[in-house]
Undergrad: 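Before anything else, here's the structure in question.
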There are 2 protein chains.
Amino acid sequence: MSKAAETRQMILQRSFELIYQKGYQATSIDNILATTQVTKGAFFYHFKNKDEMGLALINEVLYPGMYATMVKPLLDSHDPVNEIYAMMRNLLIKIPFLRAKYGCPAINLIEEMSPLNESFRKALVRLTNEWQDAIADNIEQGKVKGDIRSNVNSKHTACFIVAGYSGIRNMGKAMGSGCYTVYLQELKNYLQQLK
Amino acid sequence: MSKAAETRQMILQRSFELIYQKGYQATSIDNILATTQVTKGAFFYHFKNKDEMGLALINEVLYPGMYATMVKPLLDSHDPVNEIYAMMRNLLIKIPFLRAKYGCPAINLIEEMSPLNESFRKALVRLTNEWQDAIADNIEQGKVKGDIRSNVNSKHTACFIVAGYSGIRNMGKAMGSGCYTVYLQELKNYLQQLK
DNA sequence: AATTAAACATACTAATTGGTATGTTTTACA
DNA sequence: TGTAAAACATACCAATTAGTATGTTTAATT
């Protein structure tokens, strides 16, 4: 990776962390410059404006990260229901970067920016759909295997599960991580009942 | 109500609508002044600062509104499961003020302000808990009546339901109101299975 | 109706915002 | 190794921010 590409990457990474904790609009460019030690000239050489940086951040940092932890574990599944649960448990309590107080970076961006920026919205819908589809595919495989009732609507169920995750991330911000374990218990019940 | 009280109430009401659509931090005081036709002197006569106004807004506008639509319909329930579903359906698709694009004002505030302002967080936790408790009480009544299995954990179930609502409000921002009906169908399944 | 405090108005401020104009320094390559 | 373009640095700008200082008007009570 060239030095310029490294600078760009570093700006995206640090901005991602700042925005995760403070929100997109509340994170100023000067704020990013201070934590990256990059000058304004360098920043605006790499990105036309703040929103273009934000979009790059979604596609180049958020998307790969979420694909690895949310989608990949569900592909070529052997034990569908347990894999969905394990993925969720991993996501909620095994990734040190994600803290209850700050929620989930993807959910945060959807919440804050979807109504304000159409480009952001579309990029974030893509992430959500990919996750939802992976969950639905997983459930379909469970149906083929006979692990899951044939009258389960996989897409609807996937939507319900995604909503649950999104919601518990929101609750966690106000209530702390305690509600994660409660949620996981009920998720297990819900998944069990699909059998 | 005295004229001063009316002014104060009007500021809170209009601010509530603005903040609902743009977010708390993105709504400037000048912005509020423009839509209320109130001058800066009047604003700062009624509120010490922006955050105090925000807190008043939570307690005096958000709280009563949400109590009426989310808590009250669940008290003294005759048909627990159906009342939870009806409340949710009403909340999601029967209140014209609430639009999918802008989500739920309470959820929005939790998401944006919980990590940033401890007073806001506490006030919002109170709302959430009150709703969650009303749902749990409703389920307990269902257990007494024999409508709901005795091995259902009412508090956990309530948490799961609240998370679901919060999450579908988030998804609705990105995907539109279509996902509401999908969610409601799966919620019905979930509630049915508590019987 | 007179009075006085409550209620509101106007004009300002210092700090911060995203972004630009105009430089200087690196770095890759001929 | 010379050179041109890529990569970065500095100094600025106009607009916006929350908040204040200092007024004037309105309204409730005697």
Side-chain angles (χ1 to χ4, degrees), chain A residues 1-58 60 108-109 112-113 115-120 123, chain B residues 1-58 60 108-109 112-113 115-120 123:
Chain A
M1 185 153 55
S2 77
K3 199 164 182 220
E6 266 175 38
T7 302
R8 188 190 141 97
Q9 194 61 27
M10 190 260 276
I11 293 173
L12 288 177
Q13 191 65 47
R14 290 251 207 290
S15 301
F16 178 70
E17 292 175 28
L18 279 177
I19 289 168
Y20 170 49
Q21 294 184 19
K22 311 209 326 167
Y24 177 80
Q25 295 171 98
T27 301
S28 70
I29 292 175
D30 283 348
N31 211 269
I32 292 168
L33 303 183
T35 71
T36 53
Q37 307 278 47
V38 158
T39 61
K40 199 160 267 198
F43 182 93
F44 281 100
Y45 170 78
H46 288 286
F47 306 100
K48 209 174 75 194
N49 51 43
K50 191 188 178 188
D51 280 1
E52 210 196 48
M53 186 277 289
L55 211 53
L57 187 154
I58 292 173
E60 297 171 39
N108 295 356
L109 278 171
E112 181 186 3
M113 298 308 294
L116 302 179
N117 186 311
E118 187 61 12
S119 306
F120 280 34
Chain B
M1 184 153 58
S2 76
K3 197 164 183 219
E6 265 175 37
T7 302
R8 187 191 141 98
Q9 194 61 27
M10 190 261 276
I11 293 173
L12 288 177
Q13 192 64 47
R14 290 253 207 289
S15 300
F16 178 71
E17 292 174 28
L18 278 177
I19 288 168
Y20 170 50
Q21 295 183 18
K22 312 206 329 165
Y24 177 80
Q25 294 170 99
T27 301
S28 71
I29 293 174
D30 282 349
N31 212 272
I32 292 168
L33 304 183
T35 71
T36 52
Q37 305 278 48
V38 157
T39 61
K40 199 158 267 197
F43 181 93
F44 281 100
Y45 170 78
H46 287 285
F47 306 102
K48 210 174 74 195
N49 52 44
K50 191 187 176 186
D51 280 1
E52 210 196 47
M53 185 277 289
L55 211 53
L57 186 154
I58 292 174
E60 297 171 40
N108 295 356
L109 277 172
E112 181 186 4
M113 298 308 293
L116 303 179
N117 186 311
E118 187 62 13
S119 304
F120 280 34

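Chain naming here is simple, since letters A, B, ... match the order of the sequence lines and numbering starts at 1 in each.
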Undergrad: Which heavy atom of Ala123(A) sits nearest to which heavy atom of Leu55(A), and what is that distance?
TA: CB-CD1, 4.2 Å
Undergrad: Is any side-chain heavy atom of Gln25(A) closer than 4.5 Å to one of Leu116(A)?
TA: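 Leu116(A) vs Gln25(A): side chains touch.
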Undergrad: Could you give the distance from CZ (Arg14(A)) to CG (Leu33(A)), rounded to the nearest 0.5 Å?
TA: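 It comes to 13.0 Å.
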Undergrad: What are the two closest heavy atoms between Asn108(B) and Tyr20(B), and how far apart are they?
TA: ND2-O, 3.5 Å
Undergrad: For DNA chain C, determine which residues of residues 20-27 of chain B have any heavy atom closer than 4.0 angstrom to one of its atoms, and list them numerically.
TA: none
Undergrad: Please report the distance, rounded to the nearest Å, between CG in Leu33(A) and C1' in dT17(C).
TA: 12 Å
Undergrad: Taking salt bridge (charged side-chain N to carboxylate O under 4.0 Å, His left out) as the cut-off, I'd like each qualifying pair that reaches into residues 15-29 of chain B, sequence neighbours left out, listed once.
TA: none
Undergrad: Can you say whether a donor on the side chain of Lys50(A) sits under 3.5 Å from an acceptor on the base of dG19(C), or the other way round?
TA: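 No such pair is found, so the answer is no.
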Undergrad: According to salt bridge (charged side-chain N to carboxylate O under 4.0 Å, His left out), who are the partners of Glu60(B), at least two apart in sequence or on a separate chain?
TA: Arg8(B)
Undergrad: Can you find a pair of side-chain heavy atoms, one from Asp51(A) and one from Tyr24(A), that are under 4.5 Å apart?
TA: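 In contact.
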Undergrad: Thr27(B) and Leu18(B): which non-hydrogen atoms are nearest, and at how many Å?
TA: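 Answer, listing the atom of Thr27(B) first, then Leu18(B): OG1-O, 3.7 Å.
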Undergrad: To the nearest Å, give me how far apart CG (Asn31(A)) and P (dT17(C)) are.
TA: 7 Å
Undergrad: Can you name the residues that form a side chain to side chain contact (heavy atoms under 4.5 Å, CB included) with Ala34(B), not counting sequence neighbours?
TA: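 Checked Ala34(B) against side chain to side chain contact (heavy atoms under 4.5 Å, CB included); zero matches.
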Undergrad: Indicate yes or no: at least one non-hydrogen side-chain atom of Leu12(A) is less than 4.5 angstrom from one of Phe47(A).
TA: yes
Undergrad: Between Phe44(B) and Arg8(A), just flag the one whose closest nucleotide in DNA chain D comes earlier from the 5' side.
TA: Arg8(A)
Undergrad: Please state how far atom CZ in Phe43(A) lies from atom P in dG18(C), giving the value in whole angstrom units.
TA: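 To the nearest whole Å, that distance equals 9 Å.
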Undergrad: Quick one: which protein N/O atoms are closer than 3.5 Å to N/O atoms of nucleotides 5-7 of chain C? Pair and distance per line, please.
TA:
residue: dA7(C); atom: OP2; partner: Tyr45(B); partner atom: OH; Å: 2.0
residue: dA7(C); atom: O5'; partner: Tyr45(B); partner atom: OH; Å: 3.3

Undergrad: Taking the side chain as everything from C-beta on, heavy atoms only, tell me whether Met53(A) gets closer than 4.5 Å to Ile32(A).
TA: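 Yes; the side chains approach each other to less than 4.5 Å.
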Undergrad: Take the protein atom CG of Asp30(A) and the nucleotide atom P of dT20(C), then report the distance between them rounded to whole Å.
TA: 14 Å
Undergrad: Would you say a side-chain N or O of Ser28(A) is under 4.0 Å from OP1 or OP2 of dT17(C)?
TA: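 The answer is yes; a side-chain N or O of Ser28(A) sits under 4.0 Å from OP1 or OP2.
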Undergrad: I'd like the 5' and 3' limits of the part of DNA chain D contacted by chain B, with heavy-atom contacts below 4.0 Å.
TA: dT17(D) to dA27(D)
Undergrad: Using atom CD1 of Ile29(B) as one end and atom C1' of dT16(C) as the other, report the distance to the nearest whole Å.
TA: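 The distance from CD1 of Ile29(B) to C1' of dT16(C) comes to 15 Å, rounded to the nearest Å.
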